[in-house]
Participant: 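Here it is, the structure, as structure tokens.
First listed ligand is number 1; within each ligand, the first listed atom is number 1.
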Amino acid sequence: MTSQDWNADEYSEHAAFVAELAVDVIKLLAPCSGERILDLGCGDGRLTKFLQEQGCDMYGIDGSPEMIEKTQELGIPCAVMDGHSLTFNSEFDAVFSNAALHWMTQPRDVVKGIYAALKPGGRMVVEFGGKGNTKKIMTAISETLAESGQPDYDLPWYFPDEQEYTTVLEEAGFEVQQIELVNRPTPLESGMRKWLELFTSGITANMDDEARLAFQDNVCAKLRPELFDLEQGWWADYVRLRVKATKPL
Ligand code: BEZ
């Protein structure tokens with residue numbers, strides 16, 4: 001697989017729902033003015049900006065240079081950095097992350113870096129795809145790949161359940177305050193094809209235009225009976241894992 005390629009303008013236009021649906025994880029973060037907070041996988045910086053406007057001293061990191069450019073344009077200190085190899089040392093009151101950790105397939109490396117980044121007593125508040133996330137979409141993608149001769153293709157996402165992720169957190173030294181799987185069916189205003197364009201570029205990178213369009217057509221055709229409604233349009237079968245854990249004093 002080639003790595004996911006992000007089109008930051010398209011993401012801002014067609015994936016605004018990602019930030020808009022972060023109300024509950026922001027409530028769980030309960031940000032206080034003056035706190036120094038790392039936004040891990042800050043994307044286009046929309047939520048980072050919101051937290052900055054609440055008076056937080058924000059720092060954003062993302063693996064995509066395009067996304068970091070967008071975040072920088074919003075006046076937020078930030079850097080391109082792989083979440084698997086964070087370089088911070090006891091400097092944040094909180095590490096926040098929305099809809100990013102499922103892109104990082106070595107969770108122990110990520111959680112180790114988060115733990116090191118936090119001050120003693122600091123908290124990690126994150127939400128990302130959990131077990132069963134986008135199961136219908138993943139099944140349609142796997143079936144389509146198998147039909148085109150790639151039956152054993154490993155999809156590049158990590159969707160753990162509460163027990164598995166609790167183990168990862170506790171092994172790193174965290175105390176888990178809250179961890180829950182939340183079903184969150186999500187309307188896709190820009191449709192399923194646009195979702196596939198935005199989020200499966202790593203899978204289709206080696207396809208020519210014709211093969212890519214055929215892949216998207218086939219996935220949409222498989223999903224239409226389950227995830228399309230004439231009145232509501234397309235939706236995605238999102239399941240979120242919402243987590244709060246603290247580094248002991
Ligand atoms: C998600 O946000 O759940 C997601 C996004 C892209 C691919 C897979 C899952």
Participant: Count the heavy atoms belonging to other residues, nucleotides or ligands that lie under 6.0 Å from NZ of K131, then report whether that count exceeds 12.
Facilitator: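 No.
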Participant: Where the closest heavy atom to atom 7 (C) of ligand 1 is concerned, which of W157, Y238, F159 has it?
Facilitator: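 Answer by nearest heavy atom: W157.
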Participant: Quick one, E35 and D57 - any side-chain contact, counting heavy atoms below 4.5 Å?
Facilitator: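 No - every pair of side-chain heavy atoms lies 4.5 Å or more apart.
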Participant: Starting from atom 9 (C) of ligand 1, which protein heavy atom do you reach first, and at what distance in Å?
Facilitator: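 Ranked first by proximity to atom 9 (C) of ligand 1 is N133 ND2, 3.6 Å.
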Participant: Looking only at protein heavy atoms, which one is nearest to atom 4 (C) of ligand 1, and what is the separation?
Facilitator: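 Ranked first by proximity to atom 4 (C) of ligand 1 is H102 NE2, 3.5 Å.
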Participant: With a 6.0 Å cut-off (strictly less than), is the heavy-atom count around CD of E180, excluding the residue itself, greater than 12?
Facilitator: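 Enclosed.
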Participant: Under 4.0 Å, counting heavy atoms only: does F128 come that close to any atom of ligand 1?
Facilitator: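 F128: no contact with ligand 1 (<4.0 Å).
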Participant: Purely on distance, is any nitrogen or oxygen of R240 under 3.5 Å from one on ligand 1?
Facilitator: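 It does: an N or O of R240 is found under 3.5 Å from an N or O of ligand 1.
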Participant: Under a 4.0 angstrom heavy-atom cut-off, which atoms of ligand 1 come close to W103?
Facilitator: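 Per the distance check, 6 (C), 7 (C).
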Participant: Please verify the inter-ring angle class for W103 with W157; under 30° counts as parallel, over 60° as perpendicular, anything in between as tilted.
Facilitator: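 Perpendicular: the ring planes of W103 and W157 meet at over 60°.
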Participant: I'd like to know whether F128 forms a ring-ring contact (aromatic ring centres under 6.0 Å, His included) with Y165, so could you lay out the CA-CA distance, the side-chain angles of the two residues, the decisive distance to 0.1 Å, and finally the verdict.
Facilitator: CA-CA 11 Å; F128 62 107; Y165 205 60; 5.1 Å; yes
Participant: Between M138 and ligand 1, which part of the residue brings a heavy atom under 4.0 Å of the ligand: side chain, backbone, both or neither?
Facilitator: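 Side chain only; the backbone of M138 stays clear of ligand 1.
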Participant: Would you call the rings of F174 and Y115 parallel, tilted or perpendicular, where under 30° means parallel and over 60° means perpendicular?
Facilitator: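 Taking Y115 first and then F174, their aromatic rings stand perpendicular (interplane angle over 60°).
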Participant: Is Y158 touching ligand 1 with its side chain, its backbone, both, or neither, if touching means heavy atoms under 4.0 Å apart?
Facilitator: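 The answer is neither.
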